[in-house]
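Reminder, nothing fancy here: chain letters follow the sequence lines and each chain counts from 1. Worth knowing before you read on, the calculation uses all heavy atoms, side chains too, and leaves out hydrogens, waters and symmetry mates.
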There are 2 protein chains.
Amino acid sequence: MSAWTPPPPGRHVYEYPRPAVAVDCVVLGLDTDDLKVLLIRRGVDPWKGAWALPGGFVGEREGLEAAARRELVEETGIGEVFLEQLYTFGEPDRDPRHRVISVAYYALAKLSDFKLTAGTDAAGAGWHPLSKLPALAFDHATIIDAAVARLRGKVRYAPIGFELLPPRFTLTQLQRLYEIILERELDKRNFRKKILSLDLVIETDEKQTGVRHRAARLYRFDRKKYDRLVKHGFEFAI
Amino acid sequence: MSAWTPPPPGRHVYEYPRPAVAVDCVVLGLDTDDLKVLLIRRGVDPWKGAWALPGGFVGEREGLEAAARRELVEETGIGEVFLEQLYTFGEPDRDPRHRVISVAYYALAKLSDFKLTAGTDAAGAGWHPLSKLPALAFDHATIIDAAVARLRGKVRYAPIGFELLPPRFTLTQLQRLYEIILERELDKRNFRKKILSLDLVIETDEKQTGVRHRAARLYRFDRKKYDRLVKHGFEFAI
DNA sequence: CGTGTTCGTGTCCATCATACACTTATGCGA
DNA sequence: TCGCATAAGTGTATGATGGACACGAACACG
């Protein structure tokens with residue numbers, strides 16, 4: 001720890017053993033009526049061929065969140081998403097070969113922006129409904145559970161749900177989103193009353209097109225107002 | 001972990017560079033009318049002589065929480081406390097000499113159980129009020145801020161506050177605790193109504209002694225009931 | 001122009017949150 | 001022992017919020 005000298009080229013030598021440090025990303029996306037998670041097929045051992053979370057090792061001089069974003073782009077093409085640290089998993093035996101500590105992140109992505117068809121895309125990335133996940137590598141099932149639990153908890157007092165919707169959305173879409181995340185039905189009139197009273201969505205003068213019923217009005221999220229309120233310690237609950 | 005001996009220098013060679021992984025603990029305790037945090041004086045460089053959070057490097061085959069508990073006992077004598085993972089700090093430059101990723105934990109301890117007098121105890125551990133912290137090593141001030149924010153958020157929907165009180169407490173002590181954590185005054189009657197309606201505290205038939213005013217009834221936290229409710233997905237709010 | 005489908009809207013009631021003040025119990029000292 | 005100082009313990013009234021509930025309006029399509 002104290003007297004550090006540069007290692008010989010291509011080798012890194014330490015006085016004490018060090019675990020490897022990785023990041024893993026749970027990317028959640030909203031489909032018509034369920035939440036999906038983005039998985040990739042592992043191309044290398046261990047767990048070669050199994051489905052796993054996108055992720056990888058942290059670079060020598062790279063921040064943790066930076067590493068998570070880099071891996072997301074490299075493995076799935078997804079950039080510019082809401083990303084937040086979730087939990088760090090470090091049980092000694094979570095990787096069968098050597099000690100790996102994984103800092104997990106969770107991300108919320110608009111499915112529409114990233115239409116991967118399962119199995120066809122880059123190295124086999126695909127969206128999988130949470131209700132029927134395939135067998136997963138390592139402890140990745142646990143990590144997904146933790147991410148969903150966090151989302152469910154957080155969505156009730158912070159408007160992060162908007163990250164899962166397109167920039168313009170109908171109130172019915174927003175309600176559906178909450179119903180899917182919270183796993184219960186909500187009353188339409190009460191929901192609209194509540195959401196509009198929070199004053200965080202702005203009515204646009206656009207409407208849905210191409211639907212064979214009365215077109216719904218489109219709204220957008222007022223992020224500036226939200227940021228201002230948060231800065232002043234304001235609290236919500238949905 | 002117990003019979004661990006340092007390997008000969010230079011034994012640990014890796015193909016890729018690896019950051020060191022540490023744990024740091026923010027131990028919060030309740031004093032008469034403020035929250036305090038437990039700090040130790042660093043005996044080694046970097047930041048030798050500065051105040052810092054108790055913590056240290058994770059053992060080769062040691063879980064993260066296990067490492068946090070071990071360091072707490074070693075550096076402060078505190079065992080058997082509420083301990084929960086907080087956040088992982090990994091900016092490349094948070095340690096001036098080499099890359100260290102730190103998994104932060106926060107703990108809640110009853111001050112009465114651990115009466116350290118500042119500066120006298122093992123290697124100089126001491127309780128410091130949050131309102132006037134000394135200069136701290138590394139990014140430890142940031143870590144403390146995160147822990148306090150987490151406590152403030154969590155105390156509103158989970159009864160973790162009880163961890164800061166002795167096994168038998170008066171409702172006024174409990175109210176004071178909430179006032180200190182939430183930084184606002186609460187109405188006595190409303191607070192009691194609320195707490196008693198949650199049905200998580202049990203009236204004992206003991207009373208305060210040695211006070212020069214009407215003795216208050218002592219209560220205890222019903223942990224069994226709480227655990228049962230949590231298991232069934234019950235929710236609180238205080 | 002009729003039919004199918006979703007949009008958009010208001011009221012009533014129960015529950016909960018908040019504001020607010022006096023009597024009771026105890027220890028201590030005069 | 002009596003009074004004083006101090007904190008304990010208790011109820012009600014009012015406003016705010018949450019939840020149940022049903023129907024006419026708009027639009028596409030055949």
Side-chain angles (χ1 to χ4, degrees), chain A residues 30 32-33 155-157 159 161 165-166 168-220 229 233-238, chain B residues 30-33 155-157 159 165-166 168-220 229 233-238:
Chain A
L30 182 72
T32 321
D33 40 24
V155 81
R156 301 226 16 252
Y157 60 91
L165 291 176
R168 303 293 155 106
F169 51 85
T170 70
L171 293 186
T172 301
Q173 286 178 297
L174 185 60
Q175 181 180 343
R176 195 81 195 91
L177 164 76
Y178 276 90
E179 290 178 334
I180 290 169
I181 295 177
L182 298 177
E183 283 182 318
R184 65 190 171 98
E185 301 210 331
L186 302 172
D187 178 84
K188 187 174 170 177
R189 279 175 291 192
N190 293 338
F191 180 79
R192 293 162 103 91
K193 216 189 308 174
K194 182 80 194 188
I195 288 291
L196 293 176
S197 77
L198 288 178
D199 226 31
L200 288 175
V201 293
I202 298 175
E203 185 177 304
T204 71
D205 42 12
E206 298 164 64
K207 295 201 167 190
Q208 272 184 323
T209 53
V211 288
R212 70 167 164 291
H213 56 74
R214 178 174 176 178
R217 182 175 294 280
L218 296 176
Y219 290 78
R220 63 190 178 82
L229 289 174
F234 194 76
E235 284 187 26
F236 310 85
I238 292 170
Chain B
L30 182 71
D31 206 354
T32 321
D33 40 24
V155 82
R156 301 228 15 254
Y157 61 91
L165 291 175
R168 302 293 155 106
F169 50 85
T170 69
L171 293 186
T172 302
Q173 285 178 298
L174 185 60
Q175 179 180 343
R176 194 79 197 92
L177 164 76
Y178 276 90
E179 290 178 334
I180 290 169
I181 295 178
L182 299 176
E183 284 183 319
R184 65 192 171 96
E185 300 210 333
L186 300 173
D187 179 84
K188 188 177 176 178
R189 278 176 290 193
N190 294 336
F191 180 79
R192 293 161 103 92
K193 216 187 308 172
K194 180 81 194 189
I195 288 291
L196 293 175
S197 77
L198 289 177
D199 226 31
L200 289 175
V201 294
I202 298 176
E203 185 177 305
T204 71
D205 43 12
E206 297 164 65
K207 295 202 166 189
Q208 274 183 322
T209 53
V211 288
R212 72 166 162 290
H213 54 76
R214 178 173 177 178
R217 183 174 293 280
L218 295 175
Y219 291 78
R220 63 188 179 83
L229 290 174
F234 194 77
E235 286 188 24
F236 310 84
I238 293 168

### Message
How about CZ on Arg156(A), more than 12 heavy atoms from neighbouring residues, nucleotides or ligands closer than 6.0 Å, or not?
### Response
no
### Message
Once rounded to the nearest 0.5 Å, what's the spacing between atom CG of Leu171(A) and atom CD1 of Ile195(A)?
### Response
7.5 Å
Under 3.5 Å, sequence neighbours excluded: what are the donor-acceptor pairs made by side chains of residues 184-192 of chain B?
residue, atom, partner, partner atom, Å
Asp187(B), OD2, Arg189(B), N, 3.1
Asp187(B), OD2, Asn190(B), N, 2.9
Asp187(B), OD2, Asn190(B), ND2, 3.3
Asn190(B), OD1, Lys193(B), NZ, 3.4

### Query
Distance check: side-chain N/O of Thr172(B) vs OP1/OP2 of dA7(D), anything under 4.0 Å?
no
### Nearest-nucleotide 5' precedence on DNA chain D, Leu171(B) against Lys194(A)
Leu171(B)
Only distances under 3.5 Å count here; give the side-chain donor-acceptor pairs of residues 205-215 of chain B to other protein atoms, sequence neighbours excluded, each with its distance to 0.1 Å.
residue, atom, partner, partner atom, Å
Glu206(B), OE2, Arg168(B), NH1, 2.5
Gln208(B), OE1, Ala216(B), N, 3.1

### Task
Assign Lys188(B) to base, sugar-phosphate, or nothing according to its heavy-atom contacts below 4.0 angstrom with the strands shown.
base
### Message
Just the rounded figure in Å: distance from P of dG9(D) to CG of Leu196(B).
### Response
10 Å
### Query
Is there a donor N/O on one and an acceptor N/O on the other, under 3.5 Å, for the side chain of Lys193(A) and the base of dT11(C)?
yes
### Message
Please tell me if Arg189(B) has a side-chain N or O lying less than 4.0 Å from either OP1 or OP2 of dG11(D).
### Response
no
### Task
For Arg217(A), answer base if it contacts any base atom (sugar-phosphate contacts may also be present), sugar-phosphate if it contacts only those atoms, and nothing otherwise; contact means non-hydrogen atoms under 4.0 Å.
sugar-phosphate
Filtered N/O pairs between nucleotides 26-30 of chain C and protein, under 3.5 Å:
none

### Query
Arg192(B) CZ to dA17(C) P: how many Å, rounded?
18 Å
### Task
Please state how far atom CG in Asp187(B) lies from atom C1' in dA21(C), giving the value in whole angstrom units.
11 Å
